[in-house]
Amino acid sequence: MADIIVSILVSGLVLGSLYALMASGLSMVWTTLGIFNFAHGVSMTVGAYVAYEIAQRLGPDLWVGYSILLALVVMAAVGAAFEYLLIRPFYGRDDMVLVTIMTTLAGLTFLENGVLTIWGPRLKQLEPLIPGNISYGLVNISRQELIIVLVAPVILLALFLVLNHTQIGRAIRAVGQNQKSAQLIGIPVTRMFLVSFGLAAALAGLAGMLLAGVRLMTPTMGADPLMKALIVVIFGGLGSIGGSIGAAYVIGFLEAILIFTVGIYWTPSMLFLLMVLVLLFRPQGLFGAKNPSSL
Amino acid sequence: MHTLLEVEGLTAGYGDHQVLNGLSFTMGEDENIGLFGPNGHGKTTLFETISGLIKPASGKVSFDGRDITGRSPRDIVEIGLIHVSQGNRLFSDMMVGEVLALGAYPRRARARMRQNLDMVEALFPRLAERRRQKCGTLSGGERQMLNLAVGLMACPRLLILDEPTLGLSPRLKDELAAAIARIAEGGMPLLVVEQDIDFLLRLTSRLYLVNHGVVARTIEVGSDSFGHADVMKEYFGMTGH
């Protein structure tokens, strides 16, 4: 029994870390622009494939970490380009939220099929950052998973510090709360949108690159994490990045427990049921941020 | 006298609704100007056009000899023209200290952030006490103080204030008016919209009456030709004074 509990804990931590990387970006774009980015999951896919491509070109002698760093830069640019091409033309329109549902869905389709066309349907894997497993007592975990569990909180702490203690971070939050006031302070509003899209894509891409070291990558690998990130963001309370990160770990553990108790097929349904219940009884989310009605 | 701000034949509005109909006025470097007039006749629109929030249909705005017509709000803030807008709610989920720091966002204000912070906290000690409190929880008067303080954090060369004491209790109004008077004594040029004519008469050297989207009348403060009583009689006769 103890070994089962330990493996649920480990699996919950790994899932929670990945969801936290995904959900933080989704939540940041929501709080800054007030739109839901359906292409956020595919950023994860593209990130993994871009890192794979860079690793192929640099050759097997070079540590995969360098490819991941390069791929992160590429992903920030991809995110920024996405904002520039598919979101920016519609700023200021009354139906912007609706229009961007369509444009981000279009972007999703475009990128997913782009990945399929460029890299084909065959399963691929990225080298783990450090190969091998670690066994310690009842804990048996691959080194890559351990890296995921350790790196995610560090990255998220860095994100938290940037958002709360730097001018650009404060500016991103300010733009989400009151665009007119932000303009009158001299904050370039659309540039903040670009930055938050780029940052979100890099975070999702990192999740994909790390995951591709433990699982095989496919062109649709981002679909399920997008769904989970959506549940997480609603669970944690729309408009609260911190709440999303907390909720990511809660959902990660819940998923690990559900997979063990009700099985892999019923797990997504149970999670969605939970989301509906949260929306019914605690619409502001578990961690209780208020809705960003100021947008 | 050197001209700081010059507005020439400005027309602007919202969509099809034109509010400014060729408005012109000038402001010198060493003077404070007051704008008054009935609501809905273009004072706020004028300020929003000067600060770049609204693009004018025609006309020209110059600041310190530079043409700033149609420039982005960011460019205009960087030049040093700071607009403290009416009833600005700022950022409800951010702490007072964070919002003050954000006020120093313009490049030209960053190096002076520390000094400016000391200066605004001396001017509004209440904000220093509330540094870790969220903006959304401030009272109307405190929020208005924060608005002014944020404007000062940007190192303004001209501060334009849109009804800075609107909706405040008489006591708070006096407190704000005193703070604004101190800002003016420090040599900051002010362009102020207010309904409180007494306040404008004390603070400014010239008043412009804005009516139907143009400057309908210029009043030199202190000259005997047009005093408080006349203003009251002509435009505020029904406000209960």
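The sequence lines fix the lettering, A, B, ..., with proteins before strands; numbering per chain opens at 1. A quick note: this is a predicted structure, and the numbers were derived from the prediction, not measured.
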Give the minimum heavy-atom separation between Ile185(A) and Val77(B), together with the two atoms involved.
O-CG1, 3.4 Å

So, for Met192(A) and Tyr105(B), which heavy atoms are closest and what is the spacing to 0.1 Å?
CE-OH, 3.3 Å

Is the number of heavy atoms from other residues, nucleotides or ligands within 6.0 Å of OH (Tyr84(A)) greater than 12?
no

Residues, nucleotides or ligands: over 12 heavy atoms within 6.0 Å of Phe90(A) CZ:
yes

Report, as yes or no, whether the 6.0 Å neighbourhood of atom CG on Asp94(A) holds more than 12 heavy atoms from other residues, nucleotides or ligands.
no

When Leu184(A), Val189(A), Asn164(A) are compared by non-hydrogen pairs under 4.5 Å with chain B, the top option:
Leu184(A)

With a 6.0 Å cut-off (strictly less than), is the heavy-atom count around CZ of Phe110(A), excluding the residue itself, greater than 12?
no

For the candidates Arg74(B), Arg89(B), Glu48(B), which exhibits the highest count of non-hydrogen atom pairs separated by less than 4.5 Å from chain A?
Arg74(B)

With a cut-off of 6.0 Å (strictly less than), are more than 12 heavy atoms of other residues, nucleotides or ligands near CZ of Arg107(B)?
no

Identify which of Met153(B), Arg110(B), Met94(B) forms the greatest number of heavy-atom pairs closer than 4.5 Å to chain A.
Met94(B)

Any donor and acceptor pair, going by atom type alone, linking the side chain of Asn178(A) with main-chain N or O of Leu90(B) inside 3.5 Å?
yes

Select one option (side chain, backbone, both, neither) describing which atoms of Glu98(B) are under 4.5 Å from chain A's heavy atoms.
both

Please classify the contact of Leu53(B) with chain A as side chain, backbone, both or neither, using a heavy-atom distance under 4.5 Å.
side chain

Taking Ala101(B)'s backbone N and O only, do any of them form a donor-acceptor pair with Gln167(A)'s side chain (distance below 3.5 Å, no angle check)?
yes

